[in-house]
Amino acid sequence: QAQLVESGGGLVQPGGSLRLSCAASGITFSGYTMGWYRQAPGTQRELVAAITSGSSTNYADAVKGRFTISRDNAKNTVYLQMDSLKPDDTAVYYCNARWGRYWEYWGPGTQVTVSS
């Protein structure tokens, strides 16, 4: 069975950094597009960053220049390095794996809180 498990969330001060990790199992990891999404209270879930099987990346405008997505296929893991964090980055962050139109998996989410 496919499973995604996030780690690395927590409480940080504005301007601080966190590195989120998502470990995948039960899928042929290298063939999937991997993404990070987030949802803050009262908002819609939004794409933060994605990386394709060919390692092409894209980012939401709100995080571009501050966040970096990467993947290590040998470890079946995708990362989100978050620098210069702002209070508006506070949200539950979810890991996503997608192949085509019909195969998609989600992690349970990890809380990121940016506050002084």
Side-chain angles (χ1 to χ4, degrees):
Q1 291 88 335
Q3 184 172 297
L4 306 177
V5 180
E6 302 101 335
S7 62
L11 174 65
V12 296
Q13 293 183 316
S17 297
L18 283 175
R19 190 190 193 197
L20 305 183
S21 299
C22 172
S25 61
I27 62 172
T28 305
F29 179 82
S30 61
Y32 281 75
T33 292
M34 303 298 300
W36 288 96
Y37 292 72
R38 69 185 183 187
Q39 187 168 23
T43 73
Q44 295 182 319
R45 184 175 297 188
E46 64 176 350
L47 176 68
V48 176
I51 183 167
T52 69
S53 61
S55 295
S56 296
T57 60
N58 63 82
Y59 299 89
D61 288 343
V63 308
K64 196 168 187 177
R66 300 187 297 120
F67 291 10
T68 303
I69 189 170
S70 61
R71 66 192 296 160
D72 186 338
N73 289 341
K75 296 181 178 179
N76 288 356
T77 301
V78 63
Y79 305 95
L80 185 67
Q81 178 66 45
M82 305 186 294
D83 298 320
S84 302
L85 283 161
K86 305 174 180 179
D88 284 350
D89 296 319
T90 296
V92 177
Y93 284 70
Y94 298 92
C95 182
N96 171 269
R98 183 172 63 253
W99 188 89
R101 296 178 179 268
Y102 305 109
W103 300 100
E104 186 174 50
Y105 307 98
W106 293 91
T110 185
Q111 177 71 47
V112 172
T113 302
V114 184
S115 176
S116 58

Could you state the interatomic distance from CE (M34) to CG (L80), rounded to the nearest 0.5 Å?
-> 11.5 Å
Cation-pi between R71 and Y32: NZ/CZ under 6.0 Å from ring centre and within 45° of the ring axis?
-> no
Taking atom CD1 of I27 and atom CH2 of W99, what is their separation to the nearest 0.5 Å?
-> 12.5 Å
Under a single-linkage definition using a 4.5 Å side-chain heavy-atom cutoff for Ile, Leu, Val, Met, Phe, Trp and Tyr, are F29 and W103 assigned to the same hydrophobic cluster?
-> yes
Kindly compute the distance separating CG (D89) from OG (S115), expressed to the nearest 0.5 Å.
-> 12.5 Å
For P108 and Y94, which heavy atoms make the closest approach, and how far apart are they?
-> O-CE2, 3.6 Å
Minimum heavy-atom distance T52-T33, with the two atoms named | CA-OG1, 3.7 Å
Is there a side-chain contact (heavy atoms from CB on, under 4.5 Å) between D83 and T68 once you walk through the steps?
-> CA-CA 9 Å; D83 298 320; T68 303; 5.7 Å; no
Linking I/L/V/M/F/W/Y whenever any side-chain heavy atoms sit under 4.5 Å apart, do Y93 and Y79 land together?
-> no
Do V78 and W36 come within less than 4.5 Å of each other through their side chains, counting heavy atoms only?
-> yes
For A91 and A40, work out which heavy atoms get closest and say how close.
-> CB-N, 3.9 Å
Which atom of L47 lies closest to which atom of A49, heavy atoms considered = CD1-O, 3.5 Å
OG1 on T77 to CG on L4, rounded to 0.5 Å = 10.5 Å
Looking at CD1 of I69 and CD of Q81, how far apart are the two atoms once the value is rounded to the nearest 0.5 Å?
-> 12.0 Å
Can we call the ring centroids of W106 and Y37 under 6.0 Å apart?
-> yes
Between atom CG of L20 and atom CZ of F67, what is the distance when rounded to the nearest 0.5 Å?
-> 8.0 Å
Over all atoms of both residues, closest heavy-atom pair of S17 and S84 | OG-N, 4.3 Å
Side chains of T90 and R38 in contact at under 4.5 Å (non-hydrogen atoms) = no
Would V92 end up clustered with L18 when hydrophobic side chains under 4.5 Å apart are linked, directly or stepwise?
-> no
Minimum heavy-atom separation for E6 to T110, with atom names?
-> CB-CG2, 4.0 Å
Carefully, step by step, assess K86 and V114 under the rule side-chain contact (heavy atoms from CB on, under 4.5 Å).
-> CA-CA 6 Å; K86 305 174 180 179; V114 184; 5.5 Å; no
